[in-house]
Enquirer: 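Shown below is the structure under consideration.
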Amino acid sequence: MPSSCFSPLRTCLPPASLYYQQIHKTSALQWSWILLNLSLYAFAIPWMLSGIINQYFISKNYDSTLPGLDDTAARIFFIGAHMGLGLVCLLLYPLQFFQCIRKRYPTFHRWSGRLSLISAVFASFCGLVFICLKKFRLVGGINMGIAFFLYGVVFGTCAAVTGYYARKREFRRHKNWAIRSYSQILATMLYRYYYAVLGGFGAVHSPDETNLECGPDDVCDYFLKPFDALHVWTFFLVPLLFAEAVVYLLRDQAMSDVNNVIENSKSYDGEKDDFNNDQDVAHKLKEKECTQEDTTMETNGGRNDRLETIEPGKPNSFLYLNIFGILFAIICLGSTIFIYVTSALGINTFKI
């Protein structure tokens, strides 16, 4: 491909690809997404320390809230591995999205990414084995068993596909699947987060020996209420829909960038006469091989990076993505503050 026709966004342009570098210095409000994550992790860190590390690895009090976990050595092993590997994912996954880390410490990004993805796949596997050992009869009955099994499949698949596209160096698809995978990592924590918010209104109570009545098959009435039966599905499907919305908005912005490059190229007084008038530019954009449906290659430091095909779309901006981020950042920040305030006042009926 001639150098005058090179563009990482697969538009066959003159050296106007210089515009590409300027366009991608966007006005995305990254602080809103950072605030959103900090708000969630302000809840997640204490939960990880008390609910996972203390309960499963220090006190080993498995049956305090979920009866039947320690009936056999196999169940103990797989639930412990599931929780431990999930903890690694919760700690490492956010770091993969910091651009400063990816650029300044690429080796750390690659190896921490591999560790987090491998942990996610094996956490999913261990969880699925545990559900099978329980014959799908979890504390919430068969409904919970099926929902958690599907969640484990989605969780592991998203992580595996993220790693697959990283290996193929198709980084746009890799990023999109990483967003989906991260949504499922957060879902584990959000399952408990929703209960804590409702606990602030006194709508739910923490399961304990006073309200946890379970049958011989370890199915408990506490987890059979209509909200709980629905919540075992929504806790991971809602974040997945959220991730799809983010991926859609990012792709829409990439399409807009292509249009901007095309429009800017029309006024380019380049080195080649072929690109001096707008009709020639439009004709060449249609005729060049680089507008075919296959992916193209971007040379980067002697390595070939395969990028996803992007076709020109309607003009857009980061407005919708920013509104999306700000709205949910405010909701998460407010919810986390609400949880801690109501807990401090002793009126939150659900223990963190």
Side-chain angles (χ1 to χ4, degrees), residues 28-30 32-41 43-44 47 86 89-90 93-94 96-97 116-117 120-121 123-124 127-128 140 143-165 172-198 204 226-256 308 310 313-314 316-336 339:
L29 299 180
Q30 296 183 13
S32 64
W33 299 96
I34 294 174
L35 178 61
L36 185 152
N37 278 275
L38 289 176
S39 301
L40 292 177
Y41 271 79
F43 169 85
W47 167 66
C89 295
L90 278 168
Y93 250 76
Q96 309 309 308
F97 292 91
S116 59
L117 291 177
V121 171
S124 172
L128 294 177
N143 176 63
M144 177 181 280
I146 295 174
F148 280 14
F149 190 89
L150 179 60
Y151 166 59
V153 172
V154 174
F155 179 27
T157 300
C158 287
V161 176
T162 300
Y164 170 77
Y165 281 120
R172 186 171 297 279
R173 288 189 175 96
H174 166 68
K175 180 179 180 180
N176 291 343
W177 280 97
I179 293 171
R180 296 181 180 106
S181 183
Y182 185 46
S183 75
Q184 298 307 285
I185 292 291
L186 291 179
T188 305
M189 178 267 297
L190 289 172
Y191 179 81
R192 200 173 178 89
Y193 188 81
Y194 297 142
Y195 279 111
V197 172
L198 291 175
V204 298
F227 170 77
D228 301 273
L230 180 63
H231 184 48
V232 296
W233 293 94
T234 56
F235 87 96
F236 72 95
L237 292 178
V238 170
L240 187 60
L241 291 175
F242 183 92
E244 286 299 326
V246 173
V247 169
Y248 174 80
L249 291 173
L250 287 173
R251 180 177 176 81
D252 205 25
Q253 177 59 33
M255 292 177 177
S256 175
E308 181 183 6
I310 300 176
K314 296 180 181 180
N316 192 22
S317 68
F318 271 93
L319 175 63
Y320 298 117
L321 190 62
N322 289 338
I323 292 175
F324 201 54
I326 292 172
L327 176 62
F328 281 92
I330 292 173
I331 292 174
C332 289
L333 179 62
S335 298
T336 300
I339 290 171

Enquirer: Strictly by salt bridge (Lys or Arg N to Asp or Glu O under 4.0 Å), give each pair with a member in residues 236-249 just once, sequence neighbours left out.
Expert: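 Those involving residues 236-249 are Arg180-Glu244.
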Enquirer: CD of Gln96 to CG of Leu117: how many Å apart, nearest 0.5 Å?
Expert: 7.5 Å
Enquirer: What's the separation between atom CG in Asn176 and atom SG in Cys158, rounded to the nearest 0.5 Å?
Expert: 11.5 Å
Enquirer: Would you sort out whether Leu190 and Val238 count as a side-chain contact (heavy atoms from CB on, under 4.5 Å), showing the intermediate values?
Expert: CA-CA 10 Å; Leu190 289 172; Val238 170; over 6 Å; no
Enquirer: Checking Tyr191 now: which residues fulfil side-chain contact (heavy atoms from CB on, under 4.5 Å) with it, not counting sequence neighbours?
Expert: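 Checked Tyr191 against side-chain contact (heavy atoms from CB on, under 4.5 Å); matches are Met144, Phe148, Tyr195, Phe223, His231, Val232, Phe235.
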Enquirer: Excluding sequence neighbours, so at least two apart, what forms side-chain contact (heavy atoms from CB on, under 4.5 Å) with Thr188?
Expert: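 Testing Thr188 for side-chain contact (heavy atoms from CB on, under 4.5 Å), a comparison that skips the adjacent residues, returns Trp47, Tyr151.
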Enquirer: How about Leu321 and Trp33: do any of their side-chain heavy atoms sit closer than 4.5 Å?
Expert: yes
Enquirer: Can you check whether Thr162 reaches Ser181 side chain to side chain, under 4.5 Å on heavy atoms?
Expert: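 Yes, their side chains come closer than 4.5 Å.
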Enquirer: Counting only pairs under 3.5 Å, give me each side-chain donor-acceptor contact of residues 324-336, with atom names and distances, residues two or more places apart or in other chains.
Expert:
{"residue": "Ser335", "atom": "OG", "partner": "Ile331", "partner atom": "O", "Å": "2.8"}
{"residue": "Thr336", "atom": "OG1", "partner": "Ser39", "partner atom": "O", "Å": "2.7"}
{"residue": "Thr336", "atom": "OG1", "partner": "Tyr193", "partner atom": "OH", "Å": "2.9"}
{"residue": "Thr336", "atom": "OG1", "partner": "Cys332", "partner atom": "O", "Å": "2.9"}

Enquirer: So how far is it from Tyr41 OH to Met189 CE, rounded to the nearest 0.5 Å?
Expert: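 Output value for this atom pair is 6.5 Å.
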Enquirer: What's the spacing between Leu230 CG and Asn143 CG if we round to 0.5 Å?
Expert: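 These two atoms lie 9.0 Å from each other.
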Enquirer: Apply side-chain contact (heavy atoms from CB on, under 4.5 Å) to residues Phe227 and Leu198 and explain how you reach the verdict.
Expert: CA-CA 11 Å; Phe227 170 77; Leu198 291 175; 3.4 Å; yes
Enquirer: Can you tell me how far the OG1 atom of Thr234 sits from the CG atom of Leu240, to the nearest 0.5 Å?
Expert: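 Interatomic distance, Thr234 OG1 to Leu240 CG, rounded to 0.5 Å: 12.5 Å.
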Enquirer: Identify, with sequence neighbours excluded, every residue that meets side-chain contact (heavy atoms from CB on, under 4.5 Å) alongside Ile185.
Expert: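 Listed in chain order: Cys89, Leu90, Tyr93, Phe155, Tyr182.
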Enquirer: For atom OH of Tyr164, is the number of surrounding heavy atoms from other residues, nucleotides or ligands below 6.0 Å larger than 12?
Expert: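 No.
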Enquirer: List for me each residue that meets side-chain contact (heavy atoms from CB on, under 4.5 Å) alongside Leu150, sequence neighbours excluded, and say none if there are none.
Expert: Val154, Trp233, Phe236
